[in-house]
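Order of the sequence lines sets the chain letters (A, B, ...), proteins ahead of strands, with each chain counted from 1.
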2 protein chains.
Amino acid sequence: MAFDEEALDRAFLALADPVRRALIARLSRGPATVNELAEPFPITLQAISRHISVLEAAGLITRTRDGQRRPCHLAPSALEQLTSWIDQYRLETERRFRRIDALLDTVKEQDQ
Amino acid sequence: MAFDEEALDRAFLALADPVRRALIARLSRGPATVNELAEPFPITLQAISRHISVLEAAGLITRTRDGQRRPCHLAPSALEQLTSWIDQYRLETERRFRRIDALLDTVKEQDQ
DNA sequence: GCCTTGATCAACTGATGTGTTGAATATAGG
DNA sequence: CCTATATTCAACACATCAGTTGATCAAGGC
């Protein structure tokens, strides 16, 4: 289930916020409930709840049910798809740079 | 020069738009001017010019000068920093998953 | 049943993003 | 010089985002 354009929009937009990135950092160390996630932040629980919804809609986290709690879990496969998207262009550019360097070396050889 | 929080905001926000991602895809195949970049899109040149400014402010592209043209070049090192940011949390999560799997295997052994 | 706790929904505000049009700047080229 | 080309600036409209407060829903514990 590769990301379509709208899913990429949602995923990158989700990462474009320091609070949501901090939530991801926290979740990389293990699952947590909404209350646990909200605790370190100076903003309301409702604001954190909405940040979590954004991360979930972006596919970056999943949620389970534990009584009245809704624990959040990081979704590493979604993160992996984002790095793949970025890397395809980064690697293409780096390959191109290497080809240019090689060409310049060839010209320099002929110059001698 | 690692990305600080605001630089991450700008970089991920820059990627959270299909036009800007298409510009990056185009630039991965080589440098291009504003006019060249704008050509495939149904929006105004000014809108593309601003998208390019966003990419430049995010550090994802650099610009040179060629007479009246301002060619754009993709900056692979900035892309690399973004994948590094994502990967630190993805890899931590995957390590944690493996530890849990190993623990479950141990329990299963003892159960037999 | 009833109150508490965990979490979400709804409505509103202020800030920011994305597009437009029209004007301005700067370099190229005859 | 003068005009055409490449690009940007400025001002505006419209949509979306991030935060707030107040109300609501759902599950637990007694």
Side-chain angles (χ1 to χ4, degrees), chain A residues 4-27 30-75, chain B residues 4-27 30-74 82:
Chain A
D4 59 22
E5 287 295 302
E6 289 181 12
L8 286 170
D9 284 1
R10 285 191 294 273
F12 283 124
L13 188 61
L15 293 180
D17 181 284
V19 172
R20 288 192 294 260
R21 286 196 303 275
L23 294 175
I24 284 177
R26 165 65 186 81
L27 289 173
T33 67
V34 178
N35 268 291
E36 288 165 352
L37 288 171
E39 196 274 325
F41 295 96
I43 61 178
T44 61
L45 188 67
Q46 291 94 317
I48 296 293
S49 177
R50 202 181 294 177
H51 279 304
I52 291 170
S53 295
V54 170
L55 288 170
E56 188 181 21
L60 300 182
I61 67 172
T62 59
R63 314 190 64 176
T64 48
R65 159 82 58 188
D66 170 28
Q68 59 193 138
R69 313 224 174 80
R70 307 287 313 281
C72 304
H73 311 255
L74 202 53
Chain B
D4 58 23
E5 287 297 301
E6 289 181 13
L8 286 169
D9 284 0
R10 286 192 294 272
F12 283 124
L13 187 60
L15 292 179
D17 180 285
V19 173
R20 288 192 293 260
R21 286 197 303 274
L23 293 175
I24 284 177
R26 165 65 187 81
L27 289 173
T33 67
V34 177
N35 266 293
E36 288 166 353
L37 289 170
E39 197 275 326
F41 295 96
I43 63 178
T44 61
L45 189 66
Q46 292 96 315
I48 297 293
S49 177
R50 202 180 296 180
H51 278 303
I52 291 171
S53 296
V54 170
L55 289 169
E56 188 182 20
L60 300 182
I61 67 172
T62 59
R63 312 191 68 177
T64 49
R65 158 83 56 186
D66 169 28
Q68 57 195 141
R69 317 227 170 79
R70 308 288 313 281
C72 304
H73 311 256
L74 202 54
L82 294 183

Query raised in the report: Among the nucleotides D:dT7, D:dA18, C:dT18, which one has an atom lying closest to any side-chain atom of A:Arg20?
Result: D:dA18

**Report entry** B:Arg65 side-chain N/O to B:Gly67 backbone N/O, donor-acceptor pair under 3.5 Å
**Finding:** yes

Query raised in the report: Out of C:dT8, D:dT8, C:dT18, which nucleotide sits closest to the side chain of B:Arg70?
Result: D:dT8

Requested in this report: For B:Leu27 and B:Ala32, work out which heavy atoms get closest and say how close.
Outcome: CD2-N, 3.7 Å

Query raised in the report: Within the modelled atom types, does a donor on one side and an acceptor on the other bring the side chain of A:Gln68 and the base of C:dT5 under 3.5 Å apart?
Result: yes

Query raised in the report: Which part of the nucleic acid, if any, lies within contact of B:Leu45, taking any heavy atom under 4.0 Å across all strands shown: a base, the sugar-phosphate backbone alone, or nothing?
Result: base

Report task. In whole angstrom, give the distance that lies between atom CZ of A:Arg21 and atom P of D:dA18. Result -> 12 Å

Query raised in the report: Which nucleotide sits closest to the side chain of B:Gln46: D:dC9, C:dG19, C:dA7?
Result: D:dC9

Requested in this report: Starting at atom CG of B:Asp17, determine the distance to atom P of C:dG17, rounded to an integer number of angstrom.
Outcome: 12 Å

Query raised in the report: Side-chain donor or acceptor of B:Arg50 under 3.5 Å from a matching atom on the base of C:dG17?
Result: no

Report summary line: Side-chain contact check for B:Arg63: nearest option of D:dT7, C:dA7, D:dG19 is D:dT7

Query raised in the report: Would a 4.5 Å heavy-atom cut-off, applied to side chains only, mark B:His73 and B:Arg63 as touching?
Result: no

Query raised in the report: Per the atom types in the model, does the base of D:dT7 pair as donor or acceptor with the side chain of B:Arg65 at under 3.5 Å?
Result: no

Requested in this report: Just call it for B:Ser53: base, sugar-phosphate, or nothing, with non-hydrogen atoms closer than 4.0 Å on any strand.
Outcome: nothing

Query raised in the report: From C:dG19, D:dT7, C:dA7, pick the nucleotide closest to the side chain of B:Asn35?
Result: D:dT7

Query raised in the report: Do B:Arg69 side-chain and D:dT5 base share a donor-acceptor contact under 3.5 Å?
Result: no

**Report entry** Residue B:Thr44, side-chain heavy atoms: nucleotide from D:dG19, C:dG17, C:dT20 that is nearest
**Finding:** C:dT20

